[in-house]
Amino acid sequence: MTTNRTIELLGAAVGEGAPDSRCRAAPAVLRRWGLARRLGLRGRRARWGPSVRSDLALLDLGPLAVVSEFSPRLAAAVAASMGHGRLPIVIGGDHSCAVGTWSGAAHALRERGPLGLIWIDAHLDSHTPETSETQMPHGMPLAALLGHGPPQLTQVADDQPKLRPEHLVLIGPRSWEAGEAALLSRLGVRVITSTEVGERGFRDCIDEALARVRDATAGWGLSFDLDALDPADAPGTGTPVELGIRLDEVAAALHGLAGDERFVAGELVEYNPALDPQRVTAAAVETLLSAMLADRPPARPDRERPALQPGGGAA
């Protein structure tokens, strides 16, 4: 590796933020399946750290209560991993776990500067309770990280927003509601829709995103929702959307990104083993992590790129 940090896989065993809670089993299933060993066979030395589990005793109080109790504990695990000089890779779990992951990372970086984040997803995940029809927390993590939503989610680890709009880039959304799109547009968040990805290519979009999240930040991370992929490559996820990004293109573009010393954490979410009997999606998880944790990125072809444009909402 180009960095000496130990790669630590942290389980985020939470599924109650989504309609299908069975993704709660993802960390345990992937651990039994031998994910760390499989990465080792590819030359990516990773070890399992602690798994944080949601408290099922809170189910009667509703999904928000479960996620609100879970998030600070995951945030503490991520911050501790970073504090010990490790590279945490959170394995979820539904995408509500992102509140804990990136609250912990932002808190750990707070004295050094802001956090940058690339968010790869078929959805915007930027609802607040006022705009969400389902009220499911897995549709709210980005809004919460930007400081919008219930205080149980916005004030995890500390009471400050965890992300600034200019330090966030979404790639791949192709399904959203008007309310969440309006919030991101108003804030000026850069959203690269799946249509734009198809026109430009995923690698070019990643290059733009990297330039943005590395600019004036103390470190950056990547949150990857498996529903960003085409269902042909990742059927085992709870909210698949047709015409996603193909696995080979994503793996090639992400190759070696974790070798950047300013890469502080990663997250891979929404794996539902109950929907993946042949472990096709588990193999996609292995492929993505193996690419991201490779020794170094491949050489990018030299080409001129257009100047970055401010803003760029989803609508």
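Remember, predicted model here, so these are calculated numbers, not experimental data. Worth knowing before you read on, the calculation uses all heavy atoms, side chains too, and leaves out hydrogens, waters and symmetry mates.
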(request) Consider only side-chain N and O atoms of Asp227 and His123, and report whether a donor and an acceptor are under 3.5 Å apart. (result) yes
(request) Output the distance between atom CG (Leu254) and atom OG (Ser290), rounded to the nearest 0.5 Å. (result) 11.5 Å
(message) Let me confirm one number: the CG-CD1 distance from Asp121 to Ile171, rounded to the nearest 0.5 Å.
(response) 11.5 Å
(request) Please determine, by modelled atom types, if Arg174 and Thr195 share a side-chain donor-acceptor pair under 3.5 angstrom. (result) no
(message) Measuring only between side-chain heavy atoms, which start at C-beta, is Val197 closer than 4.5 Å to Ile192?
(response) yes
(message) Working note: Leu268 + Val285, criterion side-chain contact (heavy atoms from CB on, under 4.5 Å); need CA distance, chi angles, decisive distance, verdict.
(response) CA-CA 8 Å; Leu268 198 148; Val285 170; 3.7 Å; yes
(request) Without swapping roles, check the side chain of Arg279 against the backbone of Pro273 for a donor-acceptor pair under 3.5 Å. (result) yes
(message) Any non-hydrogen side-chain atom of Leu187 less than 4.5 Å from a side-chain atom of Leu183?
(response) yes
(message) Using modelled atom types and a 3.5 Å cut-off, is there a donor and acceptor pairing between side-chain atoms of Arg110 and backbone atoms of Asp158?
(response) no
(request) Locate the shortest heavy-atom distance separating Trp48 from Leu30; write the atom from each residue and the value. (result) CZ2-C, 4.2 Å
(message) Once rounded to the nearest 0.5 Å, what's the spacing between atom OG of Ser126 and atom CG of Leu168?
(response) 7.5 Å
(request) Give a yes or no answer on whether the side chain of His84 reaches the backbone of Ala80 with a donor-acceptor pair at less than 3.5 Å. (result) yes
(request) Please state whether the rings of His95 and Trp119 are parallel, tilted or perpendicular, taking 30° and 60° as the class boundaries. (result) parallel
(message) Check this for me: does any side-chain nitrogen of one of Arg5 and Glu261 sit under 4.0 Å from a carboxylate oxygen of the other?
(response) no
(message) Between Trp176 and Asp125, do the side chains contain a donor N or O and an acceptor N or O under 3.5 Å apart?
(response) no
(request) Could you walk me through whether Glu177 and His127 pass the side-chain contact (heavy atoms from CB on, under 4.5 Å) test, one step at a time? (result) CA-CA 8 Å; Glu177 285 77 50; His127 277 295; 2.9 Å; yes
(request) Answer yes or no: is there an ion pair linking Glu208 with Arg190, defined by an N-O contact shorter than 4.0 Å? (result) yes
(message) If we ignore hydrogens and angles and just use 3.5 Å, is the side chain of Ser71 paired with the main-chain N or O of Val67 as donor and acceptor?
(response) yes
(message) Could you check whether any side-chain heavy atom of Leu288 comes within less than 4.5 Å of a side-chain heavy atom of Leu247, counting everything from C-beta outward?
(response) yes
(message) Less than 4.5 Å apart, side chain to side chain, heavy atoms only: is that true for Pro19 and Thr134?
(response) no
(message) For a side-chain contact (heavy atoms from CB on, under 4.5 Å) check, start with the C-alpha distance between Glu267 and Trp102, then their side-chain angles and the critical distance, and finish with the verdict.
(response) CA-CA 9 Å; Glu267 179 179 59; Trp102 303 111; 2.8 Å; yes
(message) Quick one, Ile120 and Asp225 - any side-chain contact, counting heavy atoms below 4.5 Å?
(response) no
(message) Looking at Lys162 and Thr154, would you say the former's side chain and the latter's main chain have a donor-acceptor pair under 3.5 Å?
(response) yes
(request) Verify whether one side chain among Ser54 and Glu16 offers a donor that lies under 3.5 Å from an acceptor in the other. (result) yes
(request) Measure the spacing between OG1 of Thr6 and CZ of Arg47 and express it to the nearest 0.5 Å. (result) 5.0 Å
(message) Just verifying a value: how many Å separate Glu242 CD and Ser194 OG, rounded to the nearest 0.5 Å?
(response) 12.0 Å
(request) Go through the side-chain N and O atoms of Gln152 and Ser68 and say whether any donor and acceptor fall under 3.5 Å apart. (result) no
(request) Check for a donor-acceptor pair, side chain of Arg203 on one end and backbone N or O of Ala252 on the other, with a separation under 3.5 Å. (result) yes
(request) Side-chain contact test, heavy atoms from C-beta onward, threshold under 4.5 Å: evaluate it for Arg214 versus Arg262 and give yes or no. (result) yes
(request) Please report the closest heavy-atom contact between Arg86 and Pro88, naming both atoms and the distance. (result) O-CD, 3.3 Å
(request) For Arg53 and Phe70, run side-chain contact (heavy atoms from CB on, under 4.5 Å): C-alpha distance rounded to whole Å, both residues' side-chain angles, the deciding distance at 0.1 Å, then the answer. (result) CA-CA 7 Å; Arg53 296 174 176 83; Phe70 171 86; 5.7 Å; no
(message) Tell me whether Asp94 is salt-bridged to Arg24, with the criterion being a basic N under 4.0 Å from an acidic carboxylate O.
(response) no
(message) Walk me through whether His138 and Glu270 qualify under side-chain hydrogen bond (donor to acceptor under 3.5 Å, both in side chains).
(response) CA-CA 10 Å; His138 80 148; Glu270 295 283 355; 3.3 Å; yes
(message) Less than 4.0 angstrom from a charged side-chain N to a carboxylate O is my criterion; do Arg42 and Glu286 meet it?
(response) yes
(request) Find the distance between CG (Asp248) and OG1 (Thr287) and round it off to the nearest 0.5 Å. (result) 8.0 Å
(request) Output every pair passing side chain to side chain donor-acceptor pair (under 3.5 Å) with a member in residues 72-82, not counting sequence neighbours, ordered by first then second residue. (result) Glu8-Ser81, Glu69-Arg73
(message) To check you understand the geometry: which heavy-atom pair defines the closest contact between Cys97 and Val14, and what is its length?
(response) CB-CG1, 3.9 Å
(message) I'd like to know if the side chain of Asp230 and the backbone of Gly244 have a donor-acceptor N/O pair within less than 3.5 Å.
(response) yes
(request) Would you mind reporting whether Pro63 and Gln135 have side-chain heavy atoms less than 4.5 Å apart? (result) no
(message) Side chains of Ile118 and Phe224, heavy atoms from C-beta outward: is any pair under 4.5 Å?
(response) no
(request) Look at Asp20 together with Arg22 and state whether they make a salt bridge at an N to O cut-off of under 4.0 Å. (result) yes
(message) Can you give me the closest heavy-atom contact between Pro27 and Ile91, atom names plus distance?
(response) CG-O, 3.2 Å
(request) Quick one: closest heavy-atom pair of Ala36 and Ala46, and the distance? (result) CB-O, 3.7 Å
